[in-house]
Visitor: 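Quick one: the structure is below, and I'll ask about it shortly.
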Amino acid sequence: MTSLGSSLQWADNVRQRVRAAKRYLKADYKLHVLEESPCADHCIRFALSSDDVQYKTACDHEHTMQCDRCLDCANVAHDIIAGLDSGDISERYIFFAPVRTFVHILDKGNQDWFAVLSILEDLVQQLKRLSPLLKELFLRSDNAGCYHNAALLISAPTITRTGGLALKNYSFSEANSGKDVCDRKIAPLKAHIGRYLNEGHDVITARQLKEAIDSYGGIKGCRASVIELDTRKQTTNAPKLSGISQLNNFEYTEDGGMTVSKAFKVGEGRKISKQELAKVGQPQSETGVKVILPFCDPVNATGLLKKASTRPPGDQAQQTVVSPTNDEGIPWFTCPEQGCIKTFRTNQTLQRHLDFGRHEIKLHEESQYDQIRHKWAEHCSSLKPQNPSCALKASSSFGVTEENVLSMGWA
């Protein structure tokens, strides 16, 4: 901007505001977002609702507050545009459950919905073998084309029902999110295979890859098998479901239909009956997937979402409080979750912390909106029980003006 004629002071101010906005959106903004909030920028229901009544949930509160940091994120962009147009510029829930990872290896095959459905069919059989009492299944994946398509969504309930499980819900994560659990297993797998390679072994075929994964007792909680697809059994073509790219949550009903929505628990969703799904396309029957080499149980079959009971009671705090640092003063293992300030002595305790998800969140910087909320909370807590409650009134600097009003579904 300075090369185009703007003042150095103006450019430095804008640069600092852009960096502050980036830090805010990557860290503190996630801590402000609530299902219901008097601030339109922080209200999930308001942000994700649309004009369509099926994808809309009305807020039972008024949006009378505005966040100064959210406003500045928008204002700095407007200031940059205004600066370009001005004459100053010459040119313009926690639970205890076993964590298991299943790796299916193919020598050849396309990464399409039929391959995913074949893997799902074998996965259901393995889950029933390991957990006979399991009755329901919930699926979640990213938005890759092999997952987010009508053929898989229509056929998945039939495949899981054949294996003895009822598919209740299939949801899709947001872009660049939702794969951290898989990545935490892929990293030790790659390191394990790398050590196997360094010993002089070859890893070229699917069989050799399975041998590398299973070597020396395998990876804790990881199983690998080699399968082969039978594309001759593919009976379903490529059905089309209207607006599927905008839908991220699919809830299956007992009558064979489904309820689709753009966001979880935002609006009642659009109900699609079994007859309407039949018009879209017929579900795929059994895929005929063939297991070449079955799963082998690793030495440590599961990784538990549970703290070890061997620690003495007085030593339990060592897992969650800030651990000692090395000679250079740098913590050994820091939680990668945005806003979490916990650090750990060992990688094992860090992995347990990530599986539990009990993060200790702390804002990097408090906005005036946060300070108002804290003062209001202190004021309410100091009131006597017989005093009537008062409504929070926004200050004049944070009042909602016509030019700053957000429209429903702004997200």
Side-chain angles (χ1 to χ4, degrees), residues 1 9-53 55-86 174-175 177 262-267 337-341 359 361-383 388-411:
M1 299 292 289
Q9 182 179 2
W10 181 88
D12 287 341
N13 177 264
V14 170
R15 188 181 298 110
Q16 293 177 6
R17 291 170 63 191
V18 169
R19 290 174 178 172
K22 181 180 179 180
R23 289 194 301 268
Y24 173 65
L25 293 176
K26 292 184 66 176
D28 290 352
Y29 178 71
K30 297 180 181 180
L31 310 182
H32 287 154
V33 174
L34 300 171
E35 186 172 356
E36 296 181 0
S37 174
C39 179
D41 294 284
H42 303 163
C43 184
I44 294 178
R45 289 186 178 180
F46 184 77
L48 296 180
S49 295
S50 62
D51 295 334
D52 193 337
V53 67
Y55 307 122
K56 175 181 178 181
T57 297
C59 295
D60 54 4
H61 57 274
E62 295 184 357
H63 300 108
T64 58
M65 299 287 293
Q66 284 191 331
C67 173
D68 59 314
R69 298 180 71 182
C70 291
L71 282 177
D72 196 57
C73 291
N75 291 339
V76 67
H78 294 315
D79 291 347
I80 293 175
I81 296 175
L84 291 172
D85 292 339
S86 67
E174 296 182 4
S177 177
K262 294 182 178 180
F264 182 65
K265 287 188 176 180
V266 177
E337 181 70 18
Q338 290 287 351
C340 184
I341 61 173
H359 301 287
I361 305 299
K362 184 177 180 181
L363 293 173
H364 293 284
E365 178 184 353
E366 281 195 350
S367 63
Q368 296 181 22
Y369 176 76
D370 297 321
Q371 297 173 6
I372 291 175
R373 293 201 316 177
H374 292 324
K375 290 181 180 179
W376 176 247
E378 293 175 0
H379 177 68
C380 291
S381 61
S382 64
L383 294 176
S389 59
C390 302
L392 177 63
K393 297 181 180 179
S395 63
S396 58
S397 60
F398 292 91
V400 178
T401 60
E402 292 185 0
E403 59 183 13
N404 292 328
V405 171
L406 294 175
S407 59
M408 178 176 290
W410 62 267

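For reference, positions follow the sequence shown, starting with 1. Heavy atoms only: backbone and side chains are in, while hydrogens, waters and symmetry mates are out.
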Visitor: Under a 4.0 Å N-O cut-off, is there an ion pair linking Asp79 with Arg17?
Guide: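 Looking at Asp79 and Arg17, the cut-off is met.
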Visitor: Please identify each residue that fulfils ring-ring contact (aromatic ring centres under 6.0 Å, His included) with Tyr24, with sequence neighbours left out.
Guide: Tyr29, His32
Visitor: Search all heavy atoms of Ser50 against all heavy atoms of Lys262 and return the closest pair with its distance.
Guide: OG-NZ, 4.1 Å
Visitor: Mind checking the CG-CZ spacing from Leu34 to Arg45? Nearest 0.5 Å is all I need.
Guide: 11.5 Å
Visitor: Which atom names give the shortest non-hydrogen contact between Ser37 and Cys43, and what distance separates them?
Guide: O-CB, 3.7 Å
Visitor: If I take atom CD from residue Glu35 and atom OG1 from residue Thr57, how far apart are they, to the nearest 0.5 angstrom?
Guide: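 It comes to 8.5 Å.
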Visitor: Show your reasoning for whether side-chain contact (heavy atoms from CB on, under 4.5 Å) applies to Val14 and Val18.
Guide: CA-CA 6 Å; Val14 170; Val18 169; 4.1 Å; yes
Visitor: Could you walk me through whether Ile44 and Lys265 pass the side-chain contact (heavy atoms from CB on, under 4.5 Å) test, one step at a time?
Guide: CA-CA 10 Å; Ile44 294 178; Lys265 287 188 176 180; over 6 Å; no
Visitor: Can you tell me how far apart CD (Gln66) and SG (Cys39) are? Round to the nearest 0.5 Å.
Guide: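 The SG atom of Cys39 is 7.0 Å from CD of Gln66, to the nearest 0.5 Å.
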Visitor: List the residues meeting salt bridge (Lys or Arg N to Asp or Glu O under 4.0 Å) with Asp12, not counting sequence neighbours, and say none if there are none.
Guide: Arg15
Visitor: Which heavy-atom pair separates Cys70 from His42 by the least distance, and what is that distance?
Guide: SG-NE2, 3.3 Å
Visitor: Calculate, to the nearest 0.5 Å, the distance between atoms NE2 and CD1 belonging to His359 and Ile341 respectively.
Guide: 12.5 Å
